Amino acid sequence: MKKTSFPKQDIRVLLLEGVSRSAVETFKAAGYSQIEYHEKSLPEAELKLRIAEAHFVGIRSRTQLTAAVLGEAKRLLAVGCFCIGTNQVDLAAAELAGIPVFNAPYSNTRSVAELVIAEAILLLRRIPQKNAECHRGGWSKSAAGSFEARDKVLGIVGYGHIGTQVGLLAEGLGMRVIYHDIETKLALGNARTSAGLNDLLERADVVTLHVPETPQTKLMIGADQLARMKQGATLINASRGTVVDIDALAAALRSGHIGGAAVDVFPVEPKGNDDAFVSPLVGMDNVILTPHVGGSTLEAQDNIGIEVASKLVRYSDNGSTLSAVNFPEASLPEHPTSRRLLHIHRNVPGMLSRINDIFSRENVNIDGQYLQTDANIGYVVIDVSVAEERAAELKDALAAIPGTLRTRVLY
Ligand SMILES: NC(=O)c1ccc[n+]([C@@H]2O[C@H](COP(=O)([O-])OP(=O)(O)OC[C@H]3O[C@@H](n4cnc5c(N)ncnc54)[C@H](O)[C@@H]3O)[C@@H](O)[C@H]2O)c1
Ligand SMILES: O=C(O)CC[C@@H](O)C(=O)O
């Protein structure tokens with residue numbers, strides 16, 4: 001690997017929310033030593049101060065990287081979400097600031113799916129209530145209201161990575177799987193698509209939610225949808241807290257229309273482990289409450305740490321943006337004899353010719369050039385065989401092109 005023109009020992013990595021130590025090891029093994037590590041998310045004012053110094057930031061689901069926060073991040077080169085969800089980042093603002101955002105799209109998929117299956121069984125057997133009663137010294141040995149998972153209908157809302165894994169595991173238990181998704185999806189195993197969300201809600205014994213947080217999924221399960229569910233059916237939410245109207249769920253559980261629920265994600269979650277958890281569901285015996293740990297297994301967190309840190313290192317060392325969620329994706333080869341310049345710009349007509357005019361005018365031969373665009377921005381990587389000072393001059397000329405968002409000499 002070539003020496004980056006920006007020495008690794010000067011690159012600052014800010015890791016928040018107790019991301020796995022495997023991330024720290026990955027950065028260190030790649031030669032990065034300035035790593036600031038926090039167990040919790042930071043209050044916004046402190047976050048703005050810390051992020052202003054950082055070249056890379058690693059977060060989980062708690063830290064909100066809003067446009068205002070990103071506005072303070074003048075040195076930030078890339079963001080790593082050490083999780084699946086990226087709704088906590090203003091992806092559009094990051095893109096227009098020339099900041100790619102990476103995540104770990106599959107590393108905790110299986111962990112969530114296993115928890116959901118366990119919860120489906122516990123809810124069908126009314127174990128949360130029985131567990132609570134026993135803890136209070138009660139003893140109600142009865143089969144009333146308890147059912148096998150076999151032959152019950154599992155309704156999966158959002159049939160993506162997690163939803164499909166849940167479906168396959170559920171079929172292993174003999175459950176009948178139906179799903180609803182806004183996209184046409186290949187049904188795995190014997191799963192069947194439903195005729196829509198309402199159809200799924202009306203037929204399922206257990207409904208489990210696996211949609212991302214988007215404007216369309218906000219409060220998609222409210223009083224009307226809960227009322228459509230079968231009497232005594234159960235609901236599992238390990239997606240995002242905004243998807244369910246939590247007060248409506250509490251009311252449906254109190255009325256007995258919904259027989260039980262397992263909830264891992266909440267509209268408002270504590271900032272860290274020392275902060276209080278407040279929810280209308282607290283104290284309800286028929287509810288399994290978990291502190292957003294669907295993906296929190298050691299295997300998953302370890303893998304996520306390595307995966308996301310490796311993506312950040314690759315971007316830092318080589319410029320590759322493969323699998324970025326908000327950015328044109330470029331998988332770049334090494335060009336050992338060249339210098340590599342990066343140019344991120346607004347995607348407007350004529351940009352590439354303006355870039356190439358500079359190299360032609362300066363009589364610099366291009367060894368390799370890579371362009372990827374999306375609707376908003378373009379990302380051009382140019383490999384040239386020039387001296388360090390010449391590369392810096394070319395960078396300055398590139399930076400002067402109107403519409404330029406960011407330029408760097410990578411090495
Ligand atoms: N509890 C946890 O710890 C935990 C862990 C991992 C992921 N998650 C959450 O789970 C979500 C799903 O993860 P995934 O990896 O399966 O994502 P995914 O992108 O693979 O799947 C999401 C699916 O939802 C569908 N969808 C989107 N909007 C929809 C709508 N309005 N109605 C119906 N379907 C819709 C998509 O088409 C897609 O198939 C993540 O976005 C994240 O928020 C939570
Ligand atoms: O670890 C987290 O904070 C988030 C876990 C999960 O919601 C995800 O999006 O992967």
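Computed from a prediction, not measured in an experiment: that's the story for all the values here. The analysis underlying the following values was restricted to heavy atoms, covering all of them including side chains, and did not include hydrogens, waters or symmetry mates.
Under a 4.0 Å N-O distance rule, the pair R62/D275 does not qualify as a salt bridge.
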task = Go through the steps for K311 and E307 under the test salt bridge (Lys or Arg N to Asp or Glu O under 4.0 Å), then give the verdict.
result = CA-CA 6 Å; K311 287 178 180 177; E307 180 178 341; 3.2 Å; yes

message = side-chain hydrogen bond (donor to acceptor under 3.5 Å, both in side chains) for E299 and S111? Distances and angles first, verdict last.
response = CA-CA 9 Å; E299 294 95 329; S111 304; 5.8 Å; no

inquiry  = For N326 and V79: C-alpha separation, side-chain torsions, deciding distance, then whether side-chain contact (heavy atoms from CB on, under 4.5 Å) applies.
reply    = CA-CA 11 Å; N326 67 333; V79 171; over 6 Å; no

message = Applying side-chain contact (heavy atoms from CB on, under 4.5 Å) to M229 and V207, what does each step give before you reach the verdict?
response = CA-CA 9 Å; M229 286 173 63; V207 173; 3.7 Å; yes

message = Checking I121 against L173 for the side-chain contact (heavy atoms from CB on, under 4.5 Å) test, could you report, in this order, the C-alpha distance in whole Å, the side-chain angles of both residues, the deciding distance, and whether it holds?
response = CA-CA 10 Å; I121 297 173; L173 295 171; 3.9 Å; yes

ask   = Are F359 and V384 close enough, and set up right, to give a side-chain contact (heavy atoms from CB on, under 4.5 Å), and what steps lead you there?
value = CA-CA 9 Å; F359 291 90; V384 283; 3.8 Å; yes

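Taking CG of L77 as the start and CG of L312 as the end, the distance is 10.0 Å to the nearest 0.5 Å. Atom OG1 of T321 sits about 7.5 Å away from atom CD of Q372, to the nearest 0.5 Å. Note that CG of D285 is 13.0 Å distant from CZ of R126, once rounded to the nearest 0.5 Å. For the atom pair CZ (R125) and CG (L122), the distance works out to 9.5 Å, reported to the nearest 0.5 Å. H180 NE2 to I156 CD1: the interatomic distance, rounded to the nearest 0.5 Å, is 12.5 Å. A distance of 12.5 Å separates NZ of K395 from CD1 of I382, quoted to the nearest 0.5 Å.
The closest donor-acceptor contact from the side chain of R176 to the backbone of D151 lies under 3.5 Å. Q225 places no side-chain N or O within 3.5 Å of a backbone atom of L201 that could act as its donor or acceptor partner. Checking side-chain atoms of H257 against main-chain N and O of A251 turns up no donor-acceptor pair under 3.5 Å. One N or O on the side chain of E269 and one on the backbone of F266 form a donor-acceptor pair closer than 3.5 Å. Formation of a donor-acceptor pair under 3.5 Å by the E171 side chain with backbone atoms of L168 is not found in this model. Judged purely by atom type and a 3.5 angstrom limit, H292 has no side-chain atom pairing as donor or acceptor with the backbone of V265. The main-chain N or O of V381 is never found under 3.5 Å from a side-chain atom of R340 such that the two would form a donor-acceptor pair. No side-chain donor-acceptor contact under 3.5 Å links E213 to the backbone of T242. Judged by distance alone, with hydrogens and angles left aside, the side-chain atoms of Q231 form a donor-acceptor pair with the main-chain N or O of G256 at under 3.5 Å. Between the side chain of T86 and the main chain of C81, no donor-acceptor pair closer than 3.5 Å is present.
In plain terms, the two heavy atoms of P43 and K271 that are nearest each other are CA-CE, 4.5 Å. Residues D317 and L410 approach most closely at O-CD2, 3.6 Å, considering heavy atoms. Heavy-atom minimum distance, A204 versus G155: CB-N, 3.6 Å. In plain terms, the two heavy atoms of P333 and N318 that are nearest each other are O-ND2, 3.8 Å. Residues V116 and H210 approach most closely at CG2-CE1, 3.7 Å, considering heavy atoms. Here the closest heavy-atom approach between residue D302 and residue S22 is recorded as O-OG, 2.8 Å.
Tested against V243, the residues V157, L219, V211 include a single side chain to side chain contact (heavy atoms under 4.5 Å, CB included) partner, V211. Applying side chain to side chain contact (heavy atoms under 4.5 Å, CB included) to H343 and the options L352, L398, L394, L405 leaves one that passes, L398.
Counting heavy atoms from C-beta outward, T208 and E119 have side chains that stay 4.5 Å or more apart. Inter-residue side-chain proximity for Y106 and Q165 is flagged as unmet; no heavy-atom pair is nearer than 4.5 Å. Looking at heavy atoms from C-beta onward, H345 lies in side-chain contact with I355 at the 4.5 angstrom threshold. Contact of the Q88 side chain with the L65 side chain is not registered, since no non-hydrogen atoms from C-beta on lie closer than 4.5 Å. Between L124 and M175, some side-chain heavy-atom pair lies under the 4.5 Å cut-off. A 4.5 Å side-chain heavy-atom check between Q64 and V69 finds every atom pair outside the cut-off. Contact annotation: the side chain of Y370 approaches that of D383 to within less than 4.5 Å [non-hydrogen atoms, C-beta and beyond]. By the 4.5 Å heavy-atom criterion applied to side chains, P328 and D374 are counted as neighbours.
Using a 30° and 60° split on the angle between ring planes, Y315 and F102 fall in the tilted class, from 30° to 60°. Using a 30° and 60° split on the angle between ring planes, Y159 and Y179 fall in the parallel class, below 30°.
Open room surrounds CG on N273; 12 or fewer heavy atoms of other groups in view lie less than 6.0 Å from it. Counting non-hydrogen atoms of neighbouring residues, nucleotides and ligands closer than 6.0 angstrom, the CZ atom of R354 exceeds 12 such neighbours.
Listed by chain and residue number, nothing satisfies the side chain to side chain donor-acceptor pair (under 3.5 Å) test with T66 (two or more places apart in sequence, or in another chain).
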